[in-house]
J.: 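I have a structure I would like to understand better, so I am pasting it below and will then ask my questions one at a time.
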Amino acid sequence: MTRPAPKSFHVKSFGCQMNVYDGQRMAELLEADGMVAAQDEGAADLVVLNTCHIREKAAEKVYSDIGRIVKRARAATGDVPMIAVAGCVAQAEGAEIPRRAPAVDVVVGPQAYHRLPDLVRAAGEGKRAVDTDMPAESKFDALPARRRPGPSAFLTVQEGCDKFCTYCVVPYTRGAEVSRPWGAVMDEARALVDAGAREITLIGQNVNAWTSEDGKGRPQGLDGLIRALDRLPGLARIRYTTSHPNDMTDGLIAAHGEVEKLMPFLHLPVQAGSDRILRAMNRSHSVASYLAVIDRVRASRPDIALSGDFIVGFPGEDEADFVATLDVVRAVGHAQAFSFKYSPRPGTPAATMADQVAPEVMDDRLQRLQALLNEQQAAFNAATVGRRTDILIERDGRHPGQRIGKSPWLQSVVVENDAGIGEMMTVDIVSAGPNSLGGVTPARQAA
Ligand code: SAM
Ligand code: SF4
């Protein structure tokens with residue numbers, strides 16, 4: 001059955017920062033193909049669900065979202081929009097998706113989304129439009145130039161992963177570890193700054209494993225790239241995420257102490273605090289080696305805020321293992337963190353390991369871990385009160401006259417101010433809540 005070509009689209013991204021980046025790039029691609037962005041999915045002829053497969057609920061949510069979109073469209077106008085499923089669920093499930101949800105017209109994996117406009121056309125002509133290839137050509141070469149990135153922009157520099165942690169689907173859904181070349185990254189960074197970005201967050205599944213030759217043919221690691229970006233006029237701040245403890249090189253650690261634009265924040269997942277569990281996870285680092293990295297980073301940049309990812313209830317984790325995770329959190333004093341219940345992912349080694357942990361035990365451990373992490377986050381925020389710092393204004397606040405900016409330590413700071421989005425401003429931090437800070441401009445405080 002043929003159907004009219006969609007004129008408007010809406011992209012909805014789930015999961016990690018890389019999906020946020022991919023979602024923006026798909027939007028730019030569809031705009032370059034002549035479509036316009038709709039305010040919301042209800043007003044769009046094409047809805048793109050950019051999915052995440054890292055935990056079970058995320059995939060289930062996609063199917064319930066598809067059902068909801070169809071139901072809502074039938075009730076509103078009777079016209080169901082074209083639906084495209086992109087991202088890691090698309091990669092993992094492929095043609096199974098339209099079998100389970102026949103309303104889906106297009107399925108496209110994370111390495112093939114540069115072909116999205118062609119797939120949309122094929123679906124319009126009633127052809128099968130499933131593309132989960134990992135093509136040899138780089139999708140980045142086929143993407144249009146960056147537009148309207150906002151003050152804080154993501155820039156993918158590295159994709160895929162060769163580490164094969166036993167719980168994780170990323171090596172299967174995103175493929176082997178690939179670094180984007182130096183020139184392409186620098187060009188995109190310049191385009192982002194020209195389009196208004198003041199902060200760039202370099203992203204990758206293992207971003208600190210990034211390597212390339214620079215313009216003079218010299219091998220460079222992430223620290224070399226950060227030092228080059230430091231010299232980019234108009235760029236005020238640099239961040240990077242997500243890193244692996246084993247790839248924190250001496251150069252990168254030194255950059256934290258030397259590069260002014262590199263923000264004092266490091267997201268460095270440890271996952272668990274027991275060496276036995278880390279071995280079963282195939283993390284290839286120990287608790288001691290992780291803590292040694294943290295010590296060296298802190299020696300280089302004493303005010304750095306540390307973040308991480310944690311998994312509770314990995315197969316075989318007993319109470320003593322879990323308590324060891326709490327001990328690591330206390331030892332490091334994480335300023336923020338993401339914590340998850342282990343979710344068996346089909347096809348990964350851990351999914352078939354013995355001693356899967358009971359759901360109620362996982363619930364209890366997650367609650368205890370999150371209580372500790374929340375306590376530490378609140379303490380970290382409270383310790384910022386009284387500091388004078390710069391914030392980057394990113395958006396309007398909830399109330400008129402309010403703006404929300406980010407501190408160097410990635411905290412949201414609410415100010416009563418009419419500063420423009422993208423402005424850097426100096427504030428005194430005067431209050432702290434669990435999730436945000438209150439700031440005032442120094443002059444206003446003195447008045
Ligand atoms: N590459 C990064 C790393 O090694 O830390 C992060 C990759 S993953 C997209 C983000 C986080 O999801 C992981 O750090 C881990 O805590 C969590 N995660 C991955 N697989 C999981 C699973 N099967 N169950 C629960 N959490 C999982
Ligand atoms: Fe997944 Fe481990 Fe690779 Fe991170 S390092 S993406 S957790 S396999």
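Whatever order the structure lists ligands and atoms in, that order sets their numbers, starting from 1. None of the values given here were measured: they were computed from a predicted structure. All residue numbers refer to positions in the sequence shown, counting from 1. When reading the values below, keep in mind they use all heavy atoms of this one structure, side chains included, and skip hydrogens, waters and symmetry mates.
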J.: Flag the pair Asp133 / Gln111 as yes when at least one side-chain heavy-atom distance between them is below 4.5 Å, and no otherwise.
T.: no

J.: Looking at ligand 1, does any of its N/O atoms fall within less than 3.5 Å of an N/O of Asp309?
T.: yes

J.: Excluding waters, which protein N, O or S atoms are within less than 2.8 Å of atom 2 (Fe) of ligand 2?
T.: Cys165 SG

J.: So, does Lys341 sit close enough to ligand 1 that a heavy atom of it is under 4.0 Å from the ligand?
T.: yes

J.: So Arg227 and Asp230, salt bridge (Lys or Arg N to Asp or Glu O under 4.0 Å) or not? Walk me through it.
T.: CA-CA 5 Å; Arg227 287 178 193 275; Asp230 188 43; over 6 Å; no

J.: If we check side chain to side chain contact (heavy atoms under 4.5 Å, CB included) with His267, which of these qualifies: Thr242, Val207, Leu410?
T.: Thr242

J.: Please state which option from Met18, Arg283, Arg174, Arg55 has its nearest heavy atom closest to atom 4 (O) of ligand 1.
T.: Arg283

J.: Any cation-pi pair here, Arg25 with Tyr113, using under 6.0 Å and within 45°?
T.: no

J.: Report the nearest protein non-hydrogen atom to atom 8 (S) of ligand 1: residue, atom name, distance rounded to 0.1 Å.
T.: Ile54 CD1, 3.7 Å

J.: What residue and heavy atom of the protein are closest to atom 7 (C) of ligand 1, and at what distance?
T.: Gln205 OE1, 3.6 Å

J.: Out of the candidates Leu192, Leu155, Ile200, only one should pair with Pro149 under the side chain to side chain contact (heavy atoms under 4.5 Å, CB included) rule; please name it.
T.: Leu192

J.: Mind checking whether Pro269 contacts ligand 1 via backbone (N, CA, C, O), side chain (CB onward), both or neither, at a 4.0 Å heavy-atom cut-off?
T.: side chain

J.: If only side-chain N and O atoms count, and only distance matters, is there a donor-acceptor pair under 3.5 Å linking Gln17 with Thr201?
T.: no

J.: Hey, is ligand 1 close enough to Ser243 that some N/O pair sits below 3.5 Å?
T.: no

J.: Using a 4.0 Å heavy-atom threshold (strictly under), name the region of Phe340 that reaches ligand 1: side chain, backbone, both or neither.
T.: side chain

J.: Would you say ligand 1 has an N or O under 3.5 Å from any N or O of Gln271?
T.: yes

J.: Once rounded to the nearest 0.5 Å, what's the spacing between atom CD1 of Ile226 and atom CD of Glu258?
T.: 12.0 Å

J.: Can Glu188 and Arg180 be counted as an ion pair, charged N to O under 4.0 angstrom?
T.: yes

J.: What I want to find out is whether Glu317 reaches Lys341 closely enough, with some N-O distance under 4.0 Å, to be called a salt bridge.
T.: no

J.: Give me the ring orientation class for Phe140 and Tyr21: parallel if the planes are under 30° apart, tilted from 30 to 60°, perpendicular past 60°.
T.: tilted

